[in-house]
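Keep in mind that this is a model prediction, so the values were computed, not measured.
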Amino acid sequence: MPAMRLALIAHDHKKDAMVALAAEFADFLQRCELIATGTTGGRLRDELGLSRVHCVLSGPLGGDLQIGARLAVGELDGVIFLRDPMTPQPHEPDINALVRACDVHDVPCATNVSGARLMLAAWAAKMG
């Protein structure tokens, strides 16, 4: 079975939660092809040693759109986007477009830690 291709994105106030979540599933994520927005991807590489993380631009600079484009052409199997619903985001239209693209292309998307944990556990069990 080919490696899962997952996008990992986290707003500023959710980056610590993303690192903790990725640490919990590090064995599985180490076997995946990962794409992440700038700071989030850097932290996953630096703090957890996840070597297969490709970083795109940060979200406000177009990273969400870059990930959405890959999703639209079938290059992603899932998205984990830990959003901060309590802080206004200047690039909210890009965020909504990415989540909408997940719906349009039927790609699993988790926007909170509980949903992400369920998705990662299911994928990890499937991959063995």
Side-chain angles (χ1 to χ4, degrees):
M1 176 172 269
M4 294 279 305
R5 301 164 301 172
L6 306 177
L8 303 176
I9 308 161
H11 284 149
D12 288 346
H13 290 105
K14 299 292 183 174
K15 291 191 189 313
D16 289 343
M18 178 63 83
V19 171
L21 178 70
E24 183 179 339
F25 290 94
D27 289 340
F28 168 68
L29 292 173
Q30 196 67 262
R31 295 179 282 145
C32 296
E33 294 292 334
L34 304 173
I35 183 169
T37 48
T39 306
T40 301
R43 286 191 61 184
L44 294 172
R45 275 197 305 230
D46 296 344
E47 296 177 34
L48 301 179
L50 293 175
S51 58
R52 296 171 74 176
V53 179
H54 172 75
C55 293
V56 296
L57 298 171
S58 69
L61 297 178
D64 298 336
L65 293 173
Q66 288 178 296
I67 290 174
R70 291 181 184 209
L71 184 147
V73 296
E75 294 179 3
L76 290 175
D77 300 309
V79 175
I80 294 173
F81 191 162
L82 299 185
R83 301 190 301 170
D84 178 4
M86 303 307 288
T87 303
Q89 302 295 327
H91 60 297
E92 192 72 32
D94 298 346
I95 296 163
N96 292 337
L98 176 58
V99 174
R100 181 177 179 275
C102 289
D103 291 342
V104 168
H105 296 282
D106 198 26
V107 172
C109 178
T111 60
N112 60 58
V113 173
S114 294
R117 188 173 283 121
L118 286 169
M119 283 177 31
L120 289 169
W123 287 328
K126 182 179 177 181
M127 298 288 287

Considering only distance and modelled atom types, tabulate donor-acceptor pairs under 3.5 Å from the side chains of residues 41-48, sequence neighbours left out.
| unit_1 | atom_1 | unit_2 | atom_2 | d |
| --- | --- | --- | --- | --- |
| R43 | NE | E47 | OE2 | 2.7 |
| R43 | NH1 | D16 | OD1 | 3.0 |
| R43 | NH2 | D16 | OD1 | 2.8 |
| R43 | NH2 | E47 | OE1 | 3.4 |
| R43 | NH2 | E47 | OE2 | 3.4 |
| R45 | NH1 | V53 | O | 3.0 |

Quick one: side chains of residues 104-115, donor-acceptor pairs under 3.5 Å with protein atoms, not counting sequence neighbours, listed by atom name and distance.
| unit_1 | atom_1 | unit_2 | atom_2 | d |
| --- | --- | --- | --- | --- |
| N112 | OD1 | S114 | N | 3.2 |
| N112 | OD1 | G115 | N | 2.8 |

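Put simply, the side chain of L6 reaches to within 4.5 Å of the side chain of F28, judged on heavy atoms. Within the 4.5 Å cutoff, the side chain of I80 has heavy atoms near those of the M18 side chain.
Without hydrogens or angle criteria, E33 side chain to R52 main chain gives no donor-acceptor distance under 3.5 Å. Between the side chain of H11 and the backbone N or O of D84, at least one donor-acceptor pair lies under 3.5 Å.
Here the closest heavy-atom approach between residue I67 and residue A7 is recorded as CG2-CB, 3.7 Å. For the pair A10 and T37, the tightest heavy-atom approach, listed with the atom from each and the gap, is N-OG1, 4.4 Å. Summarising the geometry of A17 relative to L82, their closest heavy-atom pair is C-CD1, 4.1 Å, with the distance given to 0.1 Å. Taking both residues in full, the closest heavy atoms of R83 and K14 are given as O-CE, 3.4 Å, listed atom of the first, atom of the second, then distance.
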(message) L50 vs Q30, test: side chain to side chain contact (heavy atoms under 4.5 Å, CB included). Steps then yes/no.
(response) CA-CA 6 Å; L50 293 175; Q30 196 67 262; 3.8 Å; yes
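Residues M119 and L8 are members of one and the same hydrophobic cluster, defined by side-chain heavy-atom contacts under 4.5 angstrom among Ile, Leu, Val, Met, Phe, Trp and Tyr. The cluster map of Ile, Leu, Val, Met, Phe, Trp and Tyr, joined by side-chain heavy atoms under 4.5 Å apart, puts L71 and V99 in different clusters. Grouping the Ile, Leu, Val, Met, Phe, Trp and Tyr side chains by contacts below 4.5 angstrom, directly or via other members, places W123 apart from V79.
In this structure, CZ on R31 lies 6.0 Å from CE on M127, to the nearest 0.5 angstrom. Rounding to the nearest 0.5 Å gives a distance of 11.0 Å between CZ of R5 and CZ of R70. The line from CG of L120 to CG of L29 is 5.5 Å long, rounded to the nearest 0.5 Å. Considering CD1 of I9 and CD1 of I35, their distance stands at 8.5 Å, rounded to 0.5 Å. Distance CG/L65 to CD1/I95: 10.0 Å, rounded to 0.5 Å. Atom CG of L61 is separated from atom CD of Q66 by 9.5 Å, given to the nearest 0.5 angstrom.
The 12-atom threshold is exceeded at CG of D103, counting heavy atoms of other residues, nucleotides or ligands nearer than 6.0 Å. Heavy atoms of other residues, nucleotides or ligands lying less than 6.0 angstrom from CZ of R100 number 12 at most.
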